[in-house]
Student: 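My questions will all concern the structure given below.
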Amino acid sequence: MKENGLQTNGPIGVFDSGYGGLTILDKIRAQMPEYDYLYLGDNARTPYGPRSFEVVYEFTLQAVKKLFELGCPLVILACNTASAKALRTIQQNDLPTIDPTRRVLGVIRPTAECIGTLTESRHVGILATSGTIKSESYLMEVYKLFPDVKVTGEACPMWVPLVENNEYASEGADYFLKKHIHQILEKDPDIDTLILGCTHYPLLIEKIRQFTPSHIRIVPQGEYVAHSLRDYLNRHPEMDSRCTKNGTCRFLTTESTSKFEESASIFLRMDEMKVESITLE
Ligand code: DGL
């Protein structure tokens, strides 16, 4: 079916600045294998973390439009930085003119929703990119839901480049991991829960565990996002019926396909990946 020249039924779009969103896609597919997915990584322009609000918004909008053009009725911004800096504007200002029947969802709200049940001390730390921390999105979302929880943020600007460059298991990486874990626990020694507020960080989880006192819970967000998406589709049958279900998964990258295939295999175990190179504008 087509409306305004655009396909109205299709795969669920999953977007990230690079490979990080694959950690979210992995959990979503584990919970909902029957759906079709179209992943888009803006690998040529990653990282988004240090970029301005305007640029992250512009790049994210381009990606959303591309996924709509390719038939996605629903797009998940599987990127905290894009969710923090672009989601609200896209939902409020752009969707009504592009296509009010399509939806764009982020990862910060579903993650914030789980926080209240995870922390006993009511002191939570958020490890994320500079962009996400500066936006104060986690602070605001958690406050709305759990005003008694104290949230402390720590920007870890080197962590995404370490992952994107496959250097995350090196000794050099250890230095940057220890530095930020130490700094956040110094800011608030009562933290009992550390949220990985960047979709790249699950790749660092073993090291983060190793450098964090054992009583502190380390929380990646993938399963919460997947659970929240399933719940959303249950509550919105009109959207669910537009999401096609043949169990397929395709990948788009703004970089070369060979580079994507090689690096993506670190994030996602799949026998064969169908990758296509595209440009965003
Ligand atoms: N994966 C993105 C996130 O969750 C950040 C990566 C970047 O800096 O581009 O924030």
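In this chain, numbering begins with 1 at the start of the sequence shown. Because only heavy atoms are used, hydrogens play no part in the values below, and waters and symmetry mates are left out as well, while side chains stay in.
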Student: Got a list of side-chain donor-acceptor pairs under 3.5 Å for residues 274-281, not counting sequence neighbours?
Tutor:
unit_1	atom_1	unit_2	atom_2	d
Glu276	OE2	Arg250	NH2	3.4
Ser277	OG	Glu255	O	3.0

Student: Between the side chains of Asn9 and Thr244, is a donor N or O closer than 3.5 angstrom to an acceptor N or O?
Tutor: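 Side-chain D/A pair, Asn9 to Thr244: absent.
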Student: Under a 4.0 Å threshold between the charged nitrogen and the carboxylate oxygen, would Lys259 count as salt-bridged to Glu262?
Tutor: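 Looking at Glu262 and Lys259, the cut-off is not met.
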Student: Going by the rule ring-ring contact (aromatic ring centres under 6.0 Å, His included), which residues pair with Tyr224 if we only count those two or more places apart in sequence or in a different chain?
Tutor: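 ring-ring contact (aromatic ring centres under 6.0 Å, His included) check on Tyr224 returns nothing, list empty.
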Student: Quick one about Asn43 and Thr254 (side-chain donor to acceptor, distance below 3.5 Å, no hydrogens or angles considered), yes or no?
Tutor: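 Thr254 vs Asn43: no donor-acceptor pair found between side chains.
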Student: In plain terms, say whether Glu113 and Arg109 are close enough for a salt bridge, that is, a side-chain N and a carboxylate O under 4.0 Å apart.
Tutor: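 Yes.
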Student: Would you say Ser135 and Thr132 are linked by a side-chain donor-acceptor pair, where the criterion is simply a distance under 3.5 Å?
Tutor: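 Checked: Thr132/Ser135 side chains show no N/O donor-acceptor pair below 3.5 Å.
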Student: Where the side chain of Glu164 meets the backbone of Tyr19, is there a donor-acceptor pair that is under 3.5 Å apart?
Tutor: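 Side chain of Glu164 to backbone of Tyr19: a pair is present.
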Student: What closest approach, in Å, do Asn80 and Thr199 show between heavy atoms, and which atom pair accounts for it?
Tutor: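 Heavy-atom minimum between the residues: ND2-N, 3.5 Å.
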Student: Taking atom SG of Cys198 and atom CD1 of Ile126, what is their separation to the nearest 0.5 Å?
Tutor: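 Answer for the SG-CD1 pair, Cys198 versus Ile126, is 12.0 Å.
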Student: Between Ile191 and His215, which heavy-atom pair has the shortest distance, and what is it?
Tutor: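 The pair with the smallest heavy-atom distance is O-NE2, 4.2 Å.
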Student: Are Arg51 and Phe59 in a cation-pi setup, meaning NZ or CZ lies under 6.0 angstrom from the ring centre and within 45 degrees of the ring axis?
Tutor: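 The answer is no; the distance or angle limit is not met.
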Student: Taking atom NZ of Lys65 and atom CG of Asp94, what is their separation to the nearest 0.5 Å?
Tutor: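 CG of Asp94 is found 6.5 Å from NZ of Lys65.
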Student: Side chains of Asp240 and Tyr35: any donor to acceptor distance under 3.5 Å?
Tutor: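 A donor-acceptor contact under 3.5 Å links the two side chains.
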Student: Do you see a donor-acceptor pair shorter than 3.5 Å between the side chains of Asp99 and Thr101?
Tutor: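 Note: Asp99 and Thr101 side chains meet the donor-acceptor criterion.
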Student: Distance-only, no hydrogens or angles: does the Arg88 side chain make a donor-acceptor pair with backbone N or O of Asn93 under 3.5 Å?
Tutor: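 Not at all, since once roles are kept as given, no pair shorter than 3.5 Å links the two residues.
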Student: Centre-to-centre under 6.0 Å for Trp159 and Tyr201, is that the case here?
Tutor: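 Between Tyr201 and Trp159, which both carry aromatic rings, the centre distance is below 6.0 Å.
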Student: Quick one: do the His227 and Gln31 side chains pair a donor with an acceptor below 3.5 Å?
Tutor: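 Per modelled atom types, His227 and Gln31 side chains form no pair under 3.5 Å.
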Student: Has Lys85 got its NZ or CZ under 6.0 Å from the middle of the six-membered ring of Phe53, at an angle within 45 degrees of the ring axis?
Tutor: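 Checked: cation-pi criterion not met.
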Student: Quick one about Asp42 and Ser17 (side-chain donor to acceptor, distance below 3.5 Å, no hydrogens or angles considered), yes or no?
Tutor: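 No.
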Student: Just by modelled atom types, is the Asp148 backbone N or O under 3.5 Å from a matching donor or acceptor in the Lys150 side chain?
Tutor: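 Such a contact is absent between Lys150 side chain and Asp148 backbone.
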Student: Does any pair with a residue in residues 12-31 pass salt bridge (charged side-chain N to carboxylate O under 4.0 Å, His left out), and if so which ones, sequence neighbours excluded?
Tutor: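 Salt bridge (charged side-chain N to carboxylate O under 4.0 Å, His left out) check on residues 12-31 returns Lys27-Glu223.
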Student: Please answer whether the main-chain N or O of Leu77 pairs with a side-chain N or O of Ser83 as donor and acceptor at a distance below 3.5 Å.
Tutor: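 Looks like yes, one N/O pair under 3.5 Å.
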Student: For Ile216, does its backbone N or O pair with a side-chain atom of Asp192 as donor and acceptor, under 3.5 Å?
Tutor: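 No, the answer is negative, given that no donor and acceptor are paired below the 3.5 Å cut-off.
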Student: Distance alone, cut at 3.5 Å: any donor-acceptor contact between the side chains of Asn246 and Glu34?
Tutor: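 Per modelled atom types, Asn246 and Glu34 side chains form no pair under 3.5 Å.
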Student: Indicate whether any N or O donor in one side chain lies under 3.5 Å from an N or O acceptor in the other, for Ser121 and Asp190.
Tutor: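 Looking only at side-chain atoms, Asp190 and Ser121 do not form any donor-acceptor pair under 3.5 Å.
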Student: Look up atom SG in Cys249 and atom CG in Leu25, then write down how far apart they are to the nearest 0.5 Å.
Tutor: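 Cys249 SG to Leu25 CG: 4.5 Å, rounded to 0.5 Å.
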Student: Salt bridge or not between Asp174 and Lys178? Use side-chain N to carboxylate O under 4.0 Å.
Tutor: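 The answer is no: the pair does not qualify as a salt bridge.
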Student: Classify the ring geometry of Tyr48 against Phe15: parallel below 30°, tilted from 30° to 60°, perpendicular beyond 60°.
Tutor: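 Tyr48 vs Phe15 ring planes: tilted.
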